[in-house]
Amino acid sequence: MIREMREVIVAANWKMHTTPADAGELARAIAGRTRVAGVTRVICPPFVCLATVGDALLELDPDIGIGAQNVHHELQGAYTGEVSAAMLAGLASWVIIGHSERRRDAGETDELLGRKLGRAVDAGLRPILCVGEQLDEREAGQQSAVVRRQLRGALHDRDPAKLAGIGLVVAYEPVWAIGTGRTATGADAAAMAVVIRDTLGEFGFARRGETIPVLYGGSVTSAAIGEFMAEPSIDGALVGGASLKPDEMAGIVARAGVTAVARGLTG
Ligand code: 13P
């Protein structure tokens, strides 16, 4: 059954933490603690640490994917301080798109995120598209409508075959759970995975988006991950604060590995 074959992914979003002086050591520490069969691992350091992390992992653990936390929506041009998809080639193979902190701080709209998705695909970067509602939206019962609107806004001009081909991942990150120590429940995340796959289905993703991995993000720790990995519709986590702690990453990836075994991904 396709659902059981879906990849299991743990992605670390280091946000605005680490420097080129210390990122390599952290990457090596995480690599040494997270070699678990069947789990796809990704580390997304700040732009300026991509090369250091890449060098640190080149021989030690080339299986760890390296991702950027953002990419510009234009190909090139007069955009001071920005980073294009082509600039990331060779430094990253993944990219986070639409993180709520960028929607909040950089005013990124769903339409803009759609363009970023296009740039990522064209440059061969595997996108992790983030969606998720604010607290007031959840309290008003609007979480499904918000996530549908975000997905529709980002995907309406995109080619689903290309996005599926490159391995689109969607991360459900309820904004009220990010950095707050308050997680959603496994049931909340599973319900949203249904909404996400159903919406992907509108865009012609095969089998109502059944093959697209859906991650949960928001205060994930080694203690909290089990609840999410126990949900068959959830395929892993996008981890913020805890991803800076090798012990925490070890626990999170180990628990993801249990799901990978159960799905028969360990060969
Ligand atoms: P925290 O794990 O720190 O809550 O952050 C989640 C997140 O935003 C990952 O992208």
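Read the numbers this way: they start at 1 and go in the same order the structure lists the ligands and their atoms.
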Backbone or side-chain N or O of Ala242 under 3.5 Å from ligand 1 N or O
no
Any atoms of ligand 1 less than 4.0 Å from a non-hydrogen atom of Gly241? List them with their elements.
1 (P), 2 (O), 3 (O)
Measure up the Tyr216 and Phe228 rings against each other and bin them: parallel (under 30°), tilted (30 to 60°), perpendicular (over 60°).
parallel
Using a strict cut-off of less than 4.0 Å between a Lys/Arg side-chain nitrogen and an Asp/Glu carboxylate oxygen, indicate whether Asp63 and Arg35 qualify as a salt bridge.
no
Shortest non-hydrogen separation from Ala123 to Ala85 and the atoms involved
CB-CB, 3.5 Å
So for ligand 1, is Asn13 a polar contact partner (N or O within less than 3.5 Å, distance only)?
yes
So, is Gly218 polar-close to ligand 1, with some N/O to N/O distance under 3.5 Å?
no
Looking at His99, which atoms of ligand 1 are within less than 4.0 Å of one of its heavy atoms?
7 (C), 8 (O), 9 (C), 10 (O)
Quick check: does Gly240 get an N/O under 3.5 Å from an N/O on ligand 1?
yes
For ligand 1, find out whether one of its N or O atoms is nearer than 3.5 Å to an N or O atom of Thr180.
no
Taking 4.0 angstrom as the limit and counting only heavy atoms of Glu173, give me the atoms of ligand 1 inside it, by number and element.
6 (C), 7 (C), 8 (O), 9 (C), 10 (O)
Whether Arg197 and Asp235 form a salt bridge (side-chain N of Lys/Arg under 4.0 Å from carboxylate O of Asp/Glu) is what I want to check.
yes
Could you list the atoms of ligand 1 found under 4.0 angstrom from a heavy atom of Leu238?
9 (C), 10 (O)
Check whether Val146 and Val214 end up in the same hydrophobic cluster, where Ile, Leu, Val, Met, Phe, Trp and Tyr are linked by side-chain heavy atoms less than 4.5 Å apart.
no
Does even one non-hydrogen atom of Gly217 get within less than 4.0 Å of ligand 1?
no
Taking only heavy atoms of Ser219, which atoms of ligand 1 are found under 4.0 Å from at least one of them?
1 (P), 2 (O), 4 (O)
With heavy atoms under 4.0 Å as the rule, classify the contact between Ala177 and ligand 1 as side chain, backbone, both or neither.
backbone
